[in-house]
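Since the model is a prediction, treat every value here as computed from it, not as a measurement.
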Amino acid sequence: MNDLQFLNARTSIRDYDAEYVISDRELYLILQSARNAPSSNNFQPWKVFVIKNKKKQAVLKKFSANQKQVLDASAVFLIFGNQSLYDIEDLIQYEQRVRHLSAAQVEARKKRIQLYFDMHPEDRKKEGLKLDCGLFSMNLMHVIRAFGYDSVPMRGVDFEKVQEYFAISKELIPILMLPVGKSIKKGHPHIRKGIHQFAEIIH
């Protein structure tokens, strides 16, 4: 299977081997690769909780319309967005530490980011947060498959109850729940609109 075939073969999987265990080491390596996703000005505004406990997954299942994949999965990723991370000064300080920026580079970077937010102020609010975390989530799903597992993105979740149960700050914005595990049944084949229905090449 070549790279394109691999990407095209992704489907949402809802049937998992409930006994299969994904090691903490593998989960760490998955996240290590997933973090390479792009984000606005490299703010990386995501926060991820990985639930790997059947009793807690049973509670999550109740918060998710009793969908069985939440309990059967080897782990459940809860992906949130952190709007407070859209902080230019904090980002610049971080980049100074890891990239050793000169004073001139720091000033140019600040101006470029501020110009961007002047053009798109919504991108440091929920709108931008959902875009950035969506990019991370899609990258995470591809990485998960590269490790030999599957997943299904879910929004049919009572995230308010999830945040209360796990004492997750209400300042974080829920993006999606992602059950992950070893598939025991294929997902539905893709049914997609024709290219002419959504795309146009402008010369």
> Taking atom CD of Q5 and atom CG of L7, what is their separation to the nearest 0.5 Å?
Replying inline: 10.5 Å
> Nearest 0.5 Å, what's the CD1-CG distance between I175 and L129?
Replying inline: 5.0 Å
>> Just verifying a value: how many Å separate K161 NZ and F63 CZ, rounded to the nearest 0.5 Å?
In response: 6.5 Å
> Closest heavy-atom contact between I51 and Q57?
Replying inline: O-OE1, 3.9 Å
> Is K52 atom NZ crowded by more than 12 heavy atoms from other residues, nucleotides or ligands, each under 6.0 Å away?
Replying inline: yes
> Going through the checks in order, is the side chain to side chain donor-acceptor pair (under 3.5 Å) test met by D123 and Y116?
Replying inline: CA-CA 9 Å; D123 279 6; Y116 171 81; 2.4 Å; yes
>> With a 3.5 Å distance limit and no angle check, can you tell me whether H142 reaches the backbone of F6 through a side-chain donor-acceptor pair?
In response: no
> Shortest non-hydrogen contact from P45 to L85?
Replying inline: CA-CD1, 3.7 Å
> Is it the case that more than 12 heavy atoms not belonging to K68 sit under 6.0 Å from its NZ atom?
Replying inline: yes
> For atom CG of N66, is the number of surrounding heavy atoms from other residues, nucleotides or ligands below 6.0 Å larger than 12?
Replying inline: yes
>> Are F80 and F166 an aromatic pair, judged by ring center distance below 6.0 Å?
In response: no
> Which atom pair, heavy atoms only, marks the closest approach of S33 to N139?
Replying inline: O-ND2, 3.7 Å
>> Please find the pair of heavy atoms, one from P153 and one from S12, that lie closest to each other, and give the distance.
In response: CD-OG, 3.7 Å
> Which pair of heavy atoms, one from A73 and one from P179, lies closest together, and at what distance?
Replying inline: CB-CB, 3.8 Å
>> Could you tell me if K193 sits above the aromatic ring of F198, with its cationic atom closer than 6.0 Å to the ring centre and no more than 45 degrees from the axis?
In response: no
> Crowded around E122 CD? As in, over 12 foreign heavy atoms under 6.0 Å?
Replying inline: yes
>> To the closest 0.5 Å, what do you measure between CE (M154) and CZ (F159)?
In response: 8.0 Å
>> Check this for me, if you would: do D72 and R14 make a salt bridge, where the nitrogen-to-carboxylate-oxygen distance has to be below 4.0 angstrom?
In response: no
> Can you name the nearest heavy-atom pair linking I184 to D17, along with the distance?
Replying inline: CG2-N, 3.5 Å
>> For Q93, is the CD atom crowded, meaning more than 12 foreign heavy atoms sit under 6.0 Å from it?
In response: yes
>> Other residues, nucleotides and ligands only: do more than 12 of their heavy atoms fall within 6.0 Å of NE2 on H188?
In response: no
> Is the backbone of D132 close enough, under 3.5 Å, to the side chain of S39 for a donor and an acceptor to pair up by distance?
Replying inline: no
> Can you tell me if NZ on K54 sees more than 12 non-hydrogen neighbours from other groups inside 6.0 Å?
Replying inline: yes
> Can you list the steps and then say if N42 with Y94 is a side chain to side chain donor-acceptor pair (under 3.5 Å)?
Replying inline: CA-CA 11 Å; N42 200 33; Y94 166 74; 5.7 Å; no
